[in-house]
> 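One structure follows; several queries about it will come next.
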Amino acid sequence: MQLSKHNASAARSHANRVRIRRTGATIAGQRLWSEAEDNLIRIHYPDFKTLALLLPERGRGGIRYRGTLLGKAKQHHSWRGSEVSKLRKLYPSSSKAVLCAEFPGLSWAAIARAARRHGARRDPRIYRRTGKAPIDQILTRIEELGWTLKDLDEESGTGSYFQGRGWRRYQLNFNPIAKAVKALDGDLNISWKKNA
């Protein structure tokens, strides 16, 4: 009895495949993808604007799915337990280059997202001192707070002054320094040398 059910199911499946090839549409009535459409996706993916003009009957979701089937779309990486364990061990202290080498095929952004999702954190950053008192005091304060130079620029509204690190080589610009000191809840003081 079980064998006859399987035979009937196999016969229905075969009949459906024959019908789909004959009509050029699925059972639900959706048109099959042609070789010409596949070639357009191979050439233009992921330019969805162009593909929408060239394939007006196809939706964005269908184009994306077909791009995945044709190997044009980026594949989603499923993290295995062993990879997560290695990530948690390496992420706090390893450099970006080492992490990207350990997880080939993944971008730094994908590795960082996975680390955040699995609760891994980078070790606090220790910045090399410059010998310029205002900058060194700011660097000490952001280390205490666990901020990065990007965080400092965002909080103080200094654009990319601290991220650019021009303050290491060039004369200091005290406008962004004053903004950073204010954002760090500090005071900028001047002290005078005594006359000999």
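For reference, positions follow the sequence shown, starting with 1.
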> Please tell me whether L139 and F174 are part of a single hydrophobic cluster in this structure, the criterion being side-chain heavy atoms less than 4.5 Å apart.
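Linked, L139 and F174 end up in one cluster.
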> For the pair R60 (side chain) and F48 (backbone), establish whether a donor and an acceptor sit closer than 3.5 Å, ignoring hydrogens and angles.
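Side chain of R60 to backbone of F48, a donor-acceptor pair under 3.5 Å: no, none is there.
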> Quick one: which residue pairs count as a side chain to side chain donor-acceptor pair (under 3.5 Å) with a foot in residues 177-190, not counting sequence neighbours?
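Every pair satisfying side chain to side chain donor-acceptor pair (under 3.5 Å) with a residue in residues 177-190: there are none.
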> Which heavy atom in D153 sits nearest to a heavy atom in G159, and how many Å separate them?
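Smallest heavy-atom distance, with atoms named: CB-O, 3.2 Å.
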> Treating Ile, Leu, Val, Met, Phe, Trp and Tyr as nodes and any side-chain heavy-atom pair under 4.5 angstrom as an edge, say whether L106 and V98 lie in one connected cluster.
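They do not share one cluster, since no chain of ILVMFWY contacts under 4.5 Å joins L106 to V98.
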> Got a sec, which residues hit side-chain hydrogen bond (donor to acceptor under 3.5 Å, both in side chains) with D38, two or more places apart in sequence or on another chain?
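Applying side-chain hydrogen bond (donor to acceptor under 3.5 Å, both in side chains) to D38 gives R66.
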> For D136, is there any backbone N or O sitting under 3.5 Å from a side-chain donor or acceptor partner on T140?
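Present.
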> Salt bridge (charged side-chain N to carboxylate O under 4.0 Å, His left out) with E143: which residues, sequence neighbours excluded?
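Result, salt bridge (charged side-chain N to carboxylate O under 4.0 Å, His left out) vs E143: R129.
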> Within a 6.0 Å radius of atom CD on E144, are there more than 12 heavy atoms belonging to other residues, nucleotides or ligands?
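Yes, CD of E144 has more than 12 neighbouring heavy atoms, counting only those of other groups under 6.0 Å.
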> Search all heavy atoms of R31 against all heavy atoms of E57 and return the closest pair with its distance.
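Closest approach of R31 to E57: NH2-OE1, 3.0 Å.
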> Do side-chain atoms of T158 reach the backbone of E154 as a donor and acceptor pair under 3.5 angstrom?
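No; judged by distance alone, with no hydrogens or angles, the pair does not exist.
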> For H77 and F103: C-alpha separation, side-chain torsions, deciding distance, then whether side chain to side chain contact (heavy atoms under 4.5 Å, CB included) applies.
CA-CA 11 Å; H77 181 77; F103 300 100; over 6 Å; no
> For R80, does its backbone N or O pair with a side-chain atom of E83 as donor and acceptor, under 3.5 Å?
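Present.
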> To the nearest 0.5 Å, what is the distance between CG on L54 and CD1 on I63?
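Reported to 0.5 Å precision, the distance equals 9.0 Å.
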> Does one hydrophobic cluster hold both I43 and Y65, with members joined at side-chain heavy-atom distances below 4.5 Å?
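No, I43 does not connect to Y65 through the hydrophobic network.
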> When you measure from the side chain of K132 to the backbone N and O of W167, does any donor-acceptor pair fall under 3.5 Å?
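Present.
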> Verify, without hydrogens or angle tests, whether E155 (side chain) and L152 (backbone) share a donor-acceptor contact under 3.5 angstrom.
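It does not hold such a pair.
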> Please check if atom NZ in K89 has more than 12 non-hydrogen atoms from other residues, nucleotides or ligands closer than 6.0 Å.
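No, NZ of K89 has 12 or fewer neighbouring heavy atoms, counting only those of other groups under 6.0 Å.
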> Do you know the tightest heavy-atom contact between R141 and L184?
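Taking every non-hydrogen atom into account, NE-O, 3.7 Å.
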> Side chain of S107, backbone of A110: donor and acceptor closer than 3.5 Å?
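Judged by distance alone, yes, a pair lies under 3.5 Å.
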> Pair I41, L55 - check side chain to side chain contact (heavy atoms under 4.5 Å, CB included), show working.
CA-CA 9 Å; I41 288 181; L55 304 169; 4.2 Å; yes
> Could you measure the distance from the NE2 atom of H118 to the CZ atom of R88? Nearest 0.5 Å is fine.
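If we round to the nearest 0.5 Å, H118:NE2 and R88:CZ are 7.0 Å apart.
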> What distance do H44 atom NE2 and D47 atom CG have between them, rounded to the nearest 0.5 Å?
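That separation rounds to 7.5 Å.
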> Y91 vs W108 aromatic rings, parallel, tilted or perpendicular, using cut-offs 30° and 60°?
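Rings of Y91 and W108: parallel, under 30°.
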> Of the non-hydrogen atoms in P134 and I177, which two are nearest, and what is the gap between them?
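In terms of heavy atoms, the two residues are closest at CB-CG2, 4.2 Å.
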> Main chain of T148, side chain of D151: is a donor-acceptor contact present, judged purely on distance under 3.5 Å?
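Such a contact is found between D151 side chain and T148 backbone.
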> Out of curiosity, Y127 OH to I138 CD1, how far, rounded to the nearest 0.5 Å?
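Between Y127 OH and I138 CD1, I get 12.5 Å after rounding to 0.5 Å.
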> For the residue pair R19 / N16, report whether a side-chain donor-acceptor contact shorter than 3.5 Å exists.
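Side-chain D/A pair, N16 to R19: absent.
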